[in-house]
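Below is one structure, written out as structure tokens; the observations come after it.
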Amino acid sequence: MEASKKILLGMNVDELKQLVSELGMPAFTAKQIAKWMYDANVKDIDQMTNISKANRLKLSENCEIGAMPPLDCQRSKDGTIKYLFPTASGKFVETVYIPDGDRATLCVSSQVGCKMNCLFCQTGKQGFEGNLTAADILNQIYSLPEIASLTNIVFMGQGEPMDNLDNVLRATQVLTADWGYQWSPKRITVSSVGIKNKLKRFLDESECHIAISMHSPLHEQRLTLMPAERQMAIADVVALLKQYDFTHQRRCSFEYIVFGGVNDSMVHAREIVRLVDGLECRVNLIRFHTIPDVPLHGADDKKMETLRDYLTNHGVFTTIRASRGQDIFAACGLLTTAKKNNEV
């Protein structure tokens, strides 16, 4: 990718209008470019055939779409596919495609590595290596071989989305705008550990679903699992969420990895019920997948079912999430490109 050229992917229609104006092209060309990219998914400017040849040449001399195909893929026995995408900065991120009957979900990354350093997450062990641009985020969708089958997108890959909020919001704007992909924001879920000020801004500026990584309702214990608890406690996260209306289509959920003998007791169950009382939400219980040098193990099925049944019986809609792609290290908390980035 030539550094001197402007990247079109991720630009909104106003930015495209400014660009074509600077290049001396008609204003309506901006919407044509947007349609070719976000509707037709073209990979080359020369494929934008309703733009004059002279203007396509001018556009090509100054810009490129920014589409970069995946460099590698691994296929799980359950149909999950993990892709390795390059970034404009020369790094790499992992993206997971999860087909499930008539649904197909893409788990996208928002950063290379992560600053949050959660004890149980392989991405956190990688450390932070940089934010993805909006083009980097969108490229995971744009260059996905299965793009036509996608029904849902979750920002649950590498990184903390709220720590790269400007680019995440720009990407979700492209996905939902009438000049963009025209997706309903209800098809997009953005996860977060809870970042002070950033979470509120996301809730105010976006209509996408929110998923909060809880993992323990107890302050001291969550702090040992997730250092981000020091900056924004789970009690403060929930208090903020209670200021918003989730009784209609927008959904609020909590991700809860269940660690055997750690956060799977009735004390935890009762505290979750108390914590979310009055908030329309759901809890997704997730199986833990062991990672090296971490003294945690997953709870057995009986423990998870007991936790689910208690929460459900006390008015908290709870599911046990099916684990996908574990055999290719694509399951929750297993994504990392540390080795690949170090080879560059």
Side-chain angles (χ1 to χ4, degrees), residues 82-96 106-140 153-172 188-199 201-202 208 210-216 222-234 237 253-257 259 284 286 288-294 296 325 328-344:
K82 182 171 72 171
Y83 287 103
L84 181 73
F85 279 100
T87 72
S89 64
K91 300 284 189 179
F92 305 91
V93 289
E94 293 186 323
T95 307
V96 182
L106 190 69
C107 180
V108 301
S109 295
S110 56
Q111 295 181 309
V112 182
C114 186
K115 294 178 190 173
M116 299 301 113
N117 198 27
C118 297
L119 176 63
F120 47 83
C121 182
Q122 192 78 348
T123 309
K125 306 293 174 235
Q126 179 175 340
F128 177 68
E129 298 187 41
N131 283 327
L132 297 191
T133 64
D136 288 329
I137 294 170
L138 289 166
N139 183 60
Q140 297 167 72
I153 290 171
V154 294
F155 282 75
M156 295 181 183
Q158 292 173 260
E160 162 56 54
M162 301 300 148
D163 195 40
N164 187 19
L165 186 56
D166 287 343
N167 287 314
V168 167
L169 286 173
R170 177 180 280 268
T172 57
I188 303 167
T189 300
V190 180
S191 75
S192 179
V193 299
I195 304 289
K196 210 163 193 169
N197 301 324
K198 299 289 185 71
L199 179 58
R201 191 179 146 210
F202 171 80
C208 297
I210 183 72
I212 298 295
S213 299
M214 181 190 289
H215 311 310
S216 176
R222 190 171 187 260
L223 192 54
T224 66
L225 296 169
M226 306 169 67
E229 171 76 4
R230 192 179 307 281
Q231 300 302 322
M232 190 175 192
I234 190 62
V237 172
S253 58
F254 292 94
E255 310 294 290
Y256 197 92
I257 298 176
F259 308 110
N284 296 314
I286 302 167
F288 176 61
H289 304 287
T290 306
I291 63 172
D293 304 318
V294 171
L296 295 168
I328 57 168
F329 300 95
C332 186
L334 297 183
L335 300 186
T336 179
T337 48
K339 184 173 183 293
K340 188 73 179 173
N341 289 329
N342 290 335
E343 290 170 357
V344 176

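Numbers for residues simply follow the sequence, beginning at 1. Worth saying up front: this structure is predicted, and the values here are computed from it rather than measured.
With values rounded to the nearest 0.5 angstrom, Phe254 atom CZ is found 9.5 Å from Ile210 atom CD1. Residue Met116 holds its CE atom at 8.0 Å from OG of Ser192, rounded to the nearest 0.5 Å. Interatomic distance, SG of Cys118 versus CE of Met226, reported as 4.0 Å (0.5 Å rounding). The CG atom of Leu199 sits 9.5 Å away from atom CG of Leu165, with the distance rounded to the nearest 0.5 Å. Taking CG of Asn284 as the reference point, atom CD1 of Ile286 lies at 6.0 Å (rounded to 0.5 Å). Between the CD1 atom of Ile195 and the CZ atom of Arg201 there is a distance of 13.5 Å, given to the nearest 0.5 Å.
Of all heavy-atom pairs between Arg170 and Ala134, the closest is CD-CB, 3.2 Å. Of all the heavy atoms in Thr95 and Phe85, the pair that sits closest is OG1-CD1, 3.4 Å. Nearest heavy atoms, Ala211 versus Met156: CB-CE, 3.7 Å. Across Asn164 and Leu132, no two heavy atoms sit closer than the pair ND2-O, 2.9 Å. Gly194 and Val237 get closest at one heavy-atom pair: CA-CG2, 4.0 Å. Of all heavy-atom pairs between Asp136 and Ala88, the closest is OD1-N, 3.0 Å.
The backbone N or O of Phe155 lies less than 3.5 Å from a partner atom in the side chain of Ser191, making a donor-acceptor pair. Checked by atom type and distance alone, the side chain of Gln158 pairs as donor or acceptor with a backbone atom of Glu94 at under 3.5 Å.
Within the 4.5 Å cutoff, the side chain of Asp293 has no heavy atoms near those of the Lys125 side chain. Put simply, the side chain of Met162 does not reach to within 4.5 Å of the side chain of Val193, judged on heavy atoms. A 4.5 Å side-chain heavy-atom check between Arg230 and Leu223 finds at least one atom pair inside the cut-off. Two residues are said to be in side-chain contact when any heavy atoms from C-beta on lie closer than 4.5 Å; Ile153 and Gln140 fail this criterion.
The ring-ring contact (aromatic ring centres under 6.0 Å, His included) search around Phe202 returns none, not counting sequence neighbours. Looking at residues two or more places apart in sequence or on another chain, you find a side chain to side chain donor-acceptor pair (under 3.5 Å) between Ser89 and Thr87. With sequence neighbours left out, the salt bridge (Lys or Arg N to Asp or Glu O under 4.0 Å) criterion links Lys115 to Asp163.
Exactly one of Asn167, Thr172, Val190, Ile137 qualifies for a side chain to side chain contact (heavy atoms under 4.5 Å, CB included) with Pro161. That residue is Val190.
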Check against side-chain contact (heavy atoms from CB on, under 4.5 Å), Leu296 and Leu225: CA-CA 10 Å; Leu296 295 168; Leu225 296 169; 4.2 Å; yes
Chi angles and distances behind the ring-ring contact (aromatic ring centres under 6.0 Å, His included) call for Phe120, Phe288: CA-CA 8 Å; Phe120 47 83; Phe288 176 61; 7.2 Å; no
CA sep, side-chain torsions, deciding dist, call: Thr224, Leu119, side-chain contact (heavy atoms from CB on, under 4.5 Å): CA-CA 8 Å; Thr224 66; Leu119 176 63; 6.0 Å; no
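The aromatic rings of His215 and Tyr256 sit tilted relative to each other, their planes meeting at an angle between 30° and 60°.
Ser110 and Glu160 form no side-chain donor-acceptor contact under 3.5 Å, judged by distance and modelled atom types alone.
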